[in-house]
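Structure first, then comments.
Along the sequence shown, the residues carry numbers beginning at 1. Worth saying up front: this structure is predicted, and the values here are computed from it rather than measured.
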Amino acid sequence: MKTNHPQFKKKFITPIKSFALFFCVFSSLYFIYNIYHLEIFPNRYITKIQGVYSYTRRFGSYYNNTPKKYKLEGDYKKDNVSLIVNTASNVKILSEGIDKLRSELNQITNNNIWTIAVLENPAGYAHFDPIRPEYLTQFDKYGENSVIRRIVERERLTNTYQSFYGCNLKLTESYIENGSHIQIRTLYYPIYNNRHLDALLAIDIKSKYFSETLQKYNNSHFTILNMNKKGNLYKIEELLPLLGITSNQYWY
């Protein structure tokens, strides 16, 4: 039995070529589709971050209008909020405001708020929601304001009250918290009055909130966007609102 090899080969190769052409066209269109969504997603992401910023900044007004009460040295607790008083003095009781702040932020972040702390300056007392060994370890060395000074200098929060547009928030890059080994990002908000740093609000947000936001977007739009820094064909970088320091990167 004889076989017409050229004709057989042509019949075999033709569908392969057709499939290759279809695959190239589909891949190109899908690539463009992902780039299109790469331009859209950061805007929605930033909108959520702005919601976190908005509630955080409201705390400054609450803090400034909360009266002080005299407290002896010791540990106090109301609900989940702990007040650690190192030196007997008049202190602001911020438990209700911190509890309200957590409630509002949990709604925005899908219960991914890890810790809220208000560190006073000078360091006579501090609030923690909840109190964690990691914070207690730092607070033991907090007598000379070393912790708050180091944070303010490291995160460039000195004299943020001088910024005309109120760029007084800082969201750190993702890092692993010592002891708990939880991956978090910390939002810092310094509270200045009359050019003096009265307190520093620190909000630890679980990093999975940010990755889950992206994953939900991918699931809804059939995209494959990611925040990995390697193995991607296209990328954009977005500055977070109000800051101009920390940027988020989105890739495809």
Exercise for the section: State whether the side chain of K92 and the backbone N or O of Y63 hold a donor-acceptor pair below 3.5 Å, judged by distance alone. Expected result: yes
Problem - Same apolar cluster: Y53 and V118, side chain cutoff 4.5 Å - result: yes
Exercise for the section: Determine, stepwise, if the pair N121 / L200 fulfils side chain to side chain contact (heavy atoms under 4.5 Å, CB included). Expected result: CA-CA 8 Å; N121 182 42; L200 180 66; over 6 Å; no
Exercise for the section: Find the distance between CG (D204) and CG (N112) and round it off to the nearest 0.5 Å. Expected result: 12.0 Å
Problem - Pairwise distance CH2(W114) to NZ(K206) - rounded to 0.5 angstrom - result: 5.5 Å
Handout entry: F59 and I98: CA distance, side-chain angles, deciding distance, side chain to side chain contact (heavy atoms under 4.5 Å, CB included) verdict
Key = CA-CA 8 Å; F59 187 83; I98 293 174; 3.9 Å; yes
Exercise for the section: Verify the cluster assignment for Y209 and Y189: are they in a single hydrophobic cluster under the rule of side-chain heavy atoms below 4.5 Å apart? Expected result: yes
Exercise for the section: Would you mind listing every salt bridge (charged side-chain N to carboxylate O under 4.0 Å, His left out) that reaches into residues 72-83, with sequence neighbours excluded? Expected result: K78-E96
Exercise for the section: Using atom types as modelled and distance alone, determine if a side-chain donor or acceptor of S89 lies under 3.5 Å from a backbone N or O of T87. Expected result: yes
Exercise for the section: Check whether the side chains of T186 and Y175 place a donor and an acceptor atom closer than 3.5 Å, and report yes or no. Expected result: yes
Problem - Donor-acceptor under 3.5 Å (N65 side chain, Y62 main chain) - result: no
Under 3.5 Å, side-chain donor or acceptor atoms of residues 218-225 against the rest of the protein: list the pairs with distances, not counting sequence neighbours.
{"unit_1": "N218", "atom_1": "OD1", "unit_2": "T223", "atom_2": "OG1", "d": "2.6"}
{"unit_1": "N218", "atom_1": "OD1", "unit_2": "L225", "atom_2": "N", "d": "3.0"}
{"unit_1": "N218", "atom_1": "ND2", "unit_2": "L225", "atom_2": "O", "d": "2.8"}
{"unit_1": "N219", "atom_1": "OD1", "unit_2": "Q215", "atom_2": "NE2", "d": "3.0"}
{"unit_1": "N219", "atom_1": "ND2", "unit_2": "Q215", "atom_2": "O", "d": "3.4"}
{"unit_1": "S220", "atom_1": "OG", "unit_2": "K216", "atom_2": "O", "d": "3.0"}
{"unit_1": "H221", "atom_1": "ND1", "unit_2": "Y217", "atom_2": "O", "d": "3.0"}

Practice task
Take L83 and F128, measure what side chain to side chain contact (heavy atoms under 4.5 Å, CB included) needs, and give me the verdict at the end.
Solution key: CA-CA 7 Å; L83 167 62; F128 302 96; over 6 Å; no
Practice task
Determine whether the side chains of R132 and T115 contain a donor N or O and an acceptor N or O closer than 3.5 Å.
Solution key: yes
Practice task
Check step by step if side chain to side chain contact (heavy atoms under 4.5 Å, CB included) holds for L105 and V52.
Solution key: CA-CA 6 Å; L105 293 182; V52 174; 4.0 Å; yes
Practice task
Answer yes or no: is there a donor N or O on one side and an acceptor on the other, between the side chain of R102 and the main chain of I113, under 3.5 Å?
Solution key: yes
Fill in the blank from the handout: When rounded to the nearest 0.5 Å, the distance separating NZ of K100 from OG of S103 is 5.5 Å
Problem - Backbone of L197 reached by a side-chain donor or acceptor of Y192 within 3.5 Å - result: no
Completion exercise
For R185 and T172 the tightest heavy-atom approach is NE-O, 2.7 Å
Exercise for the section: Classify the angle between the aromatic ring planes of Y125 and H127 as parallel (below 30°), tilted (30 to 60°) or perpendicular (above 60°). Expected result: perpendicular
Practice task
Taking the side chain as every heavy atom from C-beta outward, state whether K170 and L187 have any atom pair closer than 4.5 Å.
Solution key: no
Handout entry: N64 CG to D198 CG distance, which is reported to the nearest 0.5 Å
Key = 7.0 Å
Problem - Validation row: Y76, S95 side chains within 4.5 angstrom (heavy atoms) - result: no
Completion exercise
Heavy-atom nearest pair, V91 first then K71, reads CG2-CG, 3.5 Å
Exercise for the section: Write down the atom of I93, the atom of K69, and the distance for their closest heavy-atom approach. Expected result: CG1-CD, 4.0 Å
Practice task
Give the cluster check for L214 versus L171: same hydrophobic cluster or not, with ILVMFWY residues linked at side-chain heavy-atom distances below 4.5 Å.
Solution key: yes
Practice task
Treating Ile, Leu, Val, Met, Phe, Trp and Tyr as nodes and any side-chain heavy-atom pair under 4.5 angstrom as an edge, say whether I191 and L101 lie in one connected cluster.
Solution key: yes
Practice task
Mark yes when over 12 heavy atoms from residues, nucleotides or ligands other than F26 sit less than 6.0 Å from its CZ; otherwise mark no.
Solution key: no
Completion exercise
Separation between CG (N34) and CD1 (I32), nearest 0.5 Å, reads 10.5 Å
Problem - Between Y33 and H37: side-chain donor-acceptor atoms closer than 3.5 Å - result: yes
Practice task
Ignoring hydrogens and angles, tell me if any N or O in the side chain of S54 forms a donor-acceptor pair with the backbone of G51 under 3.5 Å.
Solution key: no
Handout entry: Minimum side-chain heavy-atom gap Y55-I108 below 4.5 Å
Key = yes
Exercise for the section: Test side chain to side chain donor-acceptor pair (under 3.5 Å) on N80 and D99 and set out the steps. Expected result: CA-CA 8 Å; N80 242 2; D99 185 66; over 6 Å; no
Practice task
State yes or no: do I182 and I205 share one hydrophobic cluster built from I, L, V, M, F, W and Y residues joined by side-chain heavy-atom distances below 4.5 Å, directly or via other members?
Solution key: no
